[in-house]
Structures are given as structure tokens and as C-alpha cells.
Number of protein chains: 2
Amino acid sequence: MDRRKRAEKARIAFTTCACHHIRKASRALTQFYDEKLRPSGLRVTQFNILGAALALEPVTISRLAEAIVTDRTTLTRNLRLLEKHGLIRLTAGKDRRQREITVTADGRRALAKAYPLWREAQVHILSALGPKRWQRLLGELSTLVSLTRQE
Amino acid sequence: MDRRKRAEKARIAFTTCACHHIRKASRALTQFYDEKLRPSGLRVTQFNILGAALALEPVTISRLAEAIVTDRTTLTRNLRLLEKHGLIRLTAGKDRRQREITVTADGRRALAKAYPLWREAQVHILSALGPKRWQRLLGELSTLVSLTRQE
DNA sequence: TGAAATTGCGAGTATATACACTGTTTTCTC
DNA sequence: GAGAAAACAGTGTATATACTCGCAATTTCA
């Protein structure tokens, strides 16, 4: 293959790659939400983990990882940070292999403080799209996730 | 606010957060593409950076960062890795502040080897969606990016 | 009941990401 | 032309991500 063809393929790959576009949007949204959440001291990742933990508590690490579609070992490390800041507690379960996550009073306070800031970011995005486009986008994102899970 | 209401808000936040859903899809797609690309030794991030560099070379770090919508300092570190593996070269430009990126012969070989693997992953996703849904999704992702850029 | 398989989790290692700050070079302005 | 402003890039630090490996507790089953 000559040089020109190779460059052309490279151009196609980087302008059309689905993963690239999703990652790009992910970076942009993360920066946006993080910026809005800054006064709360939580990042959007932490806000989401903490919120999921509160909604599901008491919950084990593996169950929570499954719920938010994150690698378990990634979640372990993210939880360690929340624990260090006193926002969650990790205790041994009945099954001594398991570790149960509970949100502390500080954790609930942090969530309550962050919630209106999150809402501001969320409204900015959702109101611009409108409920119809938003719902459809949500569906497509779910489709993408399941497309990568099935083989 | 009572305990129940707080948990309810937490549940809403983590089930509807736009950022959470995009990040989730991003993780899933990244794992999928990385898995397919594994025999090539490139990750999808590296594949995309290398492809963009080849399409735009010679290009400075800031220009490339702009093109792929990545923080410049992130790109600097990602490029360092590609340089260490001999896939790109970083040379001083005429303007001595700039550093120019060029893809080496090894880099082009790595891209050529990875291309069919990338294509396999890409086809899996795109053929499942079909061109129409894919184009619309691409448009929505662009919209999201610009929604976070404008204030 | 005891060995094998399974389950739950952590550590080691590597990459990706970005904010705040710093230094250097170039350009602009008076 | 000197000083100010802008542009380009690197470092320090912190977080997010996940693969591989390994250990301990539990369950399964012969």
C-alpha cells in the first residue's frame, strides 16, 4: 500500500471511529459536570458512585460494580478514596468474603450539597436536547453497551 | 429532607445522569475496541492518536490536541508513550516553542497491522446500528460536545 | 466429608485524563 | 527596542480505568 492510501485509511479511522467519538463526548461531559460540581468537592464519578451506593445500600462491591457497569477493581480503588474522605464505610458482611458499603452521614451531606449543582449541569444538557432526543440518545447508548457485551 | 427523599434523589441522579451514561458507554466501547485491537499491541486511544498524527503530520502538539479534542497535557503524556515505543518522533519546529510530531516507519507498520482489527470492531458496531441511526448518534454526540463548550 | 470449582476481593502494573503551575520563546505595543 | 502579552510546551499531583495474578471463603459434588 502506498503512502497516500495509508494516510487516507488513517484519516478515515480517526474521523469515523465510534469509540473515539464516544470517548470525546465522555471527556467533554465529564469536564462540564466536574466544573459544575466543583464547589461540592465531589467529582461526577464520585457523585455517581456515592448516589448509587446510597440507593442500593447496603451493597457489596461486586454488586455495585455490576450496577454501574464498572470494573470491580476500578470500583475498589474509587471506593477507597470515598472511604478516605469519610463518605462511605466498608464493613465485613456475613459472608466473610464480602465487603458491604454504607454511606456515612458525611456522605449523605456531601450528596445533598452536590445534588443541586448536578441538577444544574443535567438541566443544561437535557433542556437543550429536549426529552425526545434525550430518550432516544439514552436508548442508543444502552444499545452500544449491549453490543459490546454479547459475544 | 428525610432519609427516604434523599435516597430517592440519589436514585434519580444515578439512573438519569447524562454523564454517567456516556461514561458507561465509553468504558464499554473502549474495552470492546481494546480487546479487538489486542493482537496489534495498540490500544484504541493509541490507534486514534497515531492515526490522527499520520493524517495531519507534521503537526504540533497543540494542533493535534485540538483536532482530537483532548487536553494538551494529556496528549503530551500519551505521545511520550508512543515515542518510547518508537512509533512517533518528536522534533523541534522552526518556532522553537513548538514540537512537531511525525509518525515513524514502525508507527505506520503498527497502524497498518491494527487497521483491519479496528475495522472489525467498527463494523460490528456500525452494522448493528445501521447507517441512519449511526449518523444520528454521531450528530447527538457532537451536540453534546458543543453544549459543554459554549458558556 | 474432602477435593474441586466458584465466588469475592485486593495488589501490581500500566494507561488515560486533566487542573494548576512554571518556563521559554515569540509577538505585540508604545 | 524594551517591556508586556500571548503562545507553546512540560511537570506535579490527583483521579479514573482495567488487566493479570493471587488469596481466602464458600459452595458443589463425587
Side-chain angles (χ1 to χ4, degrees), chain A residues 19-20 22-38 41-50 58-66 68-85 87 90-101 148, chain B residues 19-20 22-38 41-50 58-66 68-85 87 90-101 148:
Chain A
C19 190
H20 174 64
I22 287 277
R23 287 180 71 89
K24 188 163 62 177
S26 170
R27 286 193 297 268
L29 271 189
T30 301
Q31 286 179 45
F32 181 71
Y33 277 72
D34 276 353
E35 172 67 29
K36 293 278 189 188
L37 284 176
R38 187 160 312 182
L42 289 180
R43 298 209 174 180
V44 65
T45 308
Q46 300 167 348
F47 176 77
N48 283 322
I49 292 175
L50 204 51
V59 61
T60 67
I61 294 181
S62 290
R63 290 282 165 277
L64 184 56
E66 202 176 318
I68 62 178
V69 192
T70 299
D71 185 87
R72 181 187 52 75
T73 67
T74 299
L75 182 59
T76 292
R77 285 164 159 95
N78 291 346
L79 287 175
R80 187 175 302 160
L81 207 59
L82 295 177
E83 189 188 25
K84 202 176 78 182
H85 292 149
L87 306 181
L90 290 167
T91 55
K94 278 163 275 181
D95 184 332
R96 279 185 307 173
R97 288 170 304 183
Q98 298 179 341
R99 298 234 285 158
E100 290 200 337
I101 305 161
T148 66
Chain B
C19 191
H20 174 65
I22 287 277
R23 287 180 71 88
K24 187 163 63 177
S26 170
R27 286 192 296 269
L29 271 189
T30 301
Q31 284 180 47
F32 182 71
Y33 276 73
D34 275 354
E35 172 66 28
K36 292 279 189 187
L37 283 176
R38 185 159 313 180
L42 289 179
R43 298 207 172 181
V44 64
T45 307
Q46 300 167 348
F47 176 77
N48 282 322
I49 292 175
L50 204 51
V59 60
T60 67
I61 294 181
S62 290
R63 290 280 164 275
L64 184 56
E66 203 176 319
I68 63 178
V69 191
T70 299
D71 185 87
R72 181 185 53 75
T73 68
T74 298
L75 181 59
T76 293
R77 285 167 159 94
N78 291 347
L79 287 174
R80 187 175 301 163
L81 206 60
L82 295 178
E83 188 187 25
K84 202 176 77 181
H85 292 149
L87 306 182
L90 291 168
T91 55
K94 277 163 275 179
D95 183 334
R96 278 185 309 171
R97 290 170 304 184
Q98 298 178 340
R99 296 237 284 158
E100 290 200 337
I101 305 160
T148 66

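Lettering of chains follows the sequences in order, A, B, ..., and the numbering in each one begins at 1.
With sequence neighbours excluded, no residue satisfies side chain to side chain donor-acceptor pair (under 3.5 Å) with A:S62. When the side chain to side chain contact (heavy atoms under 4.5 Å, CB included) test is applied to A:Q31, no partner is found at least two apart in sequence or on another chain. Residues passing the salt bridge (charged side-chain N to carboxylate O under 4.0 Å, His left out) test with A:R96, sequence neighbours excluded: none. Residues passing the side chain to side chain donor-acceptor pair (under 3.5 Å) test with A:S26: none are found, sequence neighbours excluded. By the side chain to side chain donor-acceptor pair (under 3.5 Å) test, A:T60 pairs with no residue at all, sequence neighbours left out.
The two residues B:N48 and A:H20 come nearest to each other via the heavy atoms ND2-CB, 3.4 Å. Heavy-atom minimum distance, A:A25 versus B:I22: C-CG2, 4.0 Å. Taking every heavy atom of both residues into account, B:R27 and A:I68 meet most closely at NH2-O, 2.9 Å.
For the helix from C:dT1-D:dA30 to C:dC30-D:dG1, the axis fitted to the five pairs at one end and the axis fitted to the five pairs at the other end meet at an angle of 20° (nearest 10 degrees).
Contact footprint of chain A on DNA chain C: nucleotides with an atom under 4.0 Å from a non-hydrogen protein atom, first to last in 5' to 3' order, C:dT7 to C:dA20.
Between A:K84 and B:R38, the residue anchored nearer the 5' end of DNA chain D, judged by the nucleotide with its closest heavy atom, is A:K84.
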(request) At under 4.0 Å between heavy atoms, which parts of nucleotides 3-11 of chain D does protein reach? Answer with one letter per nucleotide, 5' to 3': B base, S sugar-phosphate only, - none. (result) ---BBSBBB
Distance-only check: which donor-acceptor pairs under 3.5 Å involve side-chain atoms of residues 73-83 of chain A, not counting sequence neighbours?
{"from": "A:T73", "atom 1": "OG1", "to": "A:D71", "atom 2": "OD2", "distance (Å)": "2.5"}
{"from": "A:T76", "atom 1": "OG1", "to": "A:R72", "atom 2": "O", "distance (Å)": "3.1"}

(request) Applying side chain to side chain contact (heavy atoms under 4.5 Å, CB included), run through B:T70 and B:I49 and close with a yes or a no. (result) CA-CA 10 Å; B:T70 299; B:I49 292 175; over 6 Å; no
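One can place CZ of A:R96 at 14 Å from C1' of D:dC23, the figure rounded to the nearest angstrom. Rounded to a whole Å, the CG atom of B:D34 is 11 Å from the P atom of D:dT20. Atom CG of A:L81 is separated from atom P of D:dT13 by 17 Å (rounded to the nearest Å).
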